[in-house]
Amino acid sequence: MHVLIINGSPRIKKFSNTDKILDEFTKGMCEGGNTCDRYEISDKASWDAIRKAYDESDNILIAIPLYVECIPGLLMEFLETLTPKTGNAKMSFILQSGFAEGVQLRCGEAYLERLAKNLGCEYGGTLVKGGNFEIRFLNDENRAKATSPYADMGREFAACGNFNSDKCKAFTGPEIFPAPVRVLVGFFFKTAVRKNFIRDGESLGCTRPLDYKPYS
Amino acid sequence: MILIVNTTSDTSVTEELRKQAEAGNVDVDIVEAGSLKISHCIGCNYCWLKTPGECAIKDDYEMILKKLIHADQYWVISDTALGFIDHKGKNVFDRILPILTMNLKFVKGQMRHISRYGKNADVGLIIRGDAADKEYLERWVERAALNLESKSLGVFDESKIKEAVSCMC
């Protein structure tokens, strides 16, 4: 199996959480001799090459960070330039987000099924998982912990050719957190998580409180 | 104030909107964004973590952002593509993130970002062209508004301006 993989994130590759996810996913997917070509939407200079690869491929996987409940504007700009397929191409998706619960990604997922059809492709399903915001800020060890489960999903995709298996569906985790978990996580939001965000900001050179109001 | 951002190059829709809003004594601020320079969001997270509330991209969206924080309603006029709004329409939604903070809370059982300026504008959409899946767009606007803890004002075809204006109050 050969797969064209497009990272739909507008963030540059170096800082792209989706890219780190794809690193692990493709490790698993390519174990049995499968191959892939990978492209980044954030690199506009490569758009002609991506279009050519799309035209020539019948197995396309687009990995997407959720942007305002759907696909990022930059990915939309690229997709608008494509010619819908007329053969037997298949299009599958990896959809990931910062918010952790499955319910947060369902509206985006619903669009992807429509998108595949609008581009003349059979829909190969979407691997849905949230809770990925911190990947870019993690050290190597913790990043490996966060992204390595995707390797198993790569194996599953290689075996099934799509994301429709129960194993892929279960990968999403809880649709919504149970009330006691929300109480606990809500407490962390006000303490440890808030501290983490301040630390993340400081690592980028932030000198203001995170709730600063520049325009009021 | 009702903020209306026209991301299309067709100003006949906004002319009609302006006429109807004036007739109904509605306070509208119309931005013709079709001729403005507005980039896509590059996902750098700077508006949440490095320069809180400020977008790293210095282009014409900053002016919209400054209006948006005082708006009661945010209407976007957009062309359609691939069953959705086109990239210009989507960009003015993706760039909205500075009005939220990085900090999180649970609202009705789901994670939300805490608003930076208090109550956020309700959201409405006016679409041009026939490439959209209206049922999906209605779901999408509901969901986008949920994230702002505001409400959806609905999705209207450009031929239904009167109905859209009736929601502007």
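Below, chain A is the first sequence line, B the second, and so on; all start at residue 1.
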Answer with side chain, backbone, both or neither: which region of B:R95 has an atom nearer than 4.5 Å to a non-hydrogen atom of chain A? neither

What's the verdict on side-chain contact (heavy atoms from CB on, under 4.5 Å) for A:Y215 and B:E62, showing C-alpha distance, side-chain angles and the deciding distance? CA-CA 10 Å; A:Y215 303 136; B:E62 189 175 21; 3.0 Å; yes

Taking the side chain as C-beta and beyond, is there a heavy-atom pair between A:C107 and B:R139 under 4.5 Å? yes

Is A:E69 close to B:F93 at the side-chain level, that is, under 4.5 Å between some pair of heavy atoms? no

What part of A:L82 is in contact with chain B, defined as an atom under 4.5 angstrom from a non-hydrogen atom: side chain, backbone, both or neither? neither

Run the salt-bridge test on B:E54 and A:R208 with the 4.0 Å N-O cut-off and return the result as yes or no. yes

Under a 4.5 Å heavy-atom cut-off, does chain A meet the side chain of B:D133, its backbone, both or neither? side chain

Any chance the side chains of B:Q110 and A:R182 put a donor and an acceptor closer than 3.5 Å? no

Could you tell me which of B:G109, B:G83, B:G53, B:A81 has the largest number of non-hydrogen atom pairs under 4.5 Å with chain A? B:G109

Chain A contact via B:K50 - which portion, at a heavy-atom distance below 4.5 Å: both

Quick one: closest heavy-atom pair of A:F197 and B:N103, and the distance? CD1-OD1, 3.9 Å

Side-chain donor-acceptor contact under 3.5 Å, B:H87 with A:E80: yes

In sequence, state the C-alpha distance, the side-chain angles, and the governing distance for A:F133 and B:N45, and then conclude on side-chain contact (heavy atoms from CB on, under 4.5 Å). CA-CA 10 Å; A:F133 180 84; B:N45 289 143; 3.6 Å; yes

Honestly, the part of B:I99 sitting under 4.5 Å from a heavy atom of chain A is neither

Under a 4.5 Å cut-off applied to non-hydrogen side-chain atoms, are A:V68 and B:W140 in contact? yes

Under 3.5 Å, side chain of B:K90 to main-chain N/O of A:L75, donor-acceptor pair present? no

So which part of A:F188 gets closer than 4.5 Å to some heavy atom of chain B, the side chain, the backbone, both or neither? neither

Which atoms of B:E142 approach chain A - backbone, side chain, both or neither, heavy atom under 4.5 Å: neither

Could you check whether any side-chain N or O of B:R116 sits under 3.5 Å from a backbone N or O of A:L210, counting only pairs where one atom can act as donor and the other as acceptor? yes

When you look at A:Q104 and B:R112, which way does the side-chain contact (heavy atoms from CB on, under 4.5 Å) test go after all the steps? CA-CA 10 Å; A:Q104 306 269 10; B:R112 295 278 163 256; 3.2 Å; yes

Find the distance between CD1 (A:I71) and CG (B:L82) and round it off to the nearest 0.5 Å. 7.5 Å

Check whether any side-chain heavy atom of B:M111 lies under 4.5 Å from a side-chain heavy atom of A:F189, and answer yes or no. yes

Contacting moiety of A:R106, where chain B heavy atoms sit under 4.5 Å: both

If you round to the nearest 0.5 Å, how far is OH of A:Y111 from CG of B:L137? 9.0 Å

At what distance, to the nearest 0.5 angstrom, does NE2 of B:H40 lie from OH of A:Y67? 8.5 Å

Side chain, backbone, both or neither: which part of A:I176 has a non-hydrogen atom closer than 4.5 Å to chain B? side chain

Nearest 0.5 Å please: distance from the CH2 atom of B:W48 over to the CG atom of A:D211. 14.5 Å

Side chain, backbone, both or neither: which part of B:C41 has a heavy atom under 4.5 Å from chain A? both

Out of curiosity, B:D94 CG to A:L74 CG, how far, rounded to the nearest 0.5 Å? 9.5 Å

Shortest non-hydrogen contact between A:P209 and B:P52, atoms and distance: O-CG, 3.3 Å

Passes side-chain contact (heavy atoms from CB on, under 4.5 Å), A:E113 versus B:Y136? Steps please. CA-CA 11 Å; A:E113 183 167 3; B:Y136 177 75; over 6 Å; no

Measure the shortest side-chain to side-chain distance between B:F106 and A:V183 over non-hydrogen atoms and say whether it is less than 4.5 angstrom. no

Under 4.5 Å heavy-atom distance to chain A, tell me which part of B:I114 shows up: side chain, backbone, both or neither. side chain

Can you confirm whether B:L49 sits close enough to A:F137 that some side-chain heavy atom of one is under 4.5 Å from a side-chain heavy atom of the other? yes

Which atoms of B:I69 come close to chain A, meaning under 4.5 Å heavy atom to heavy atom: side chain ones, backbone ones, both, or neither? side chain

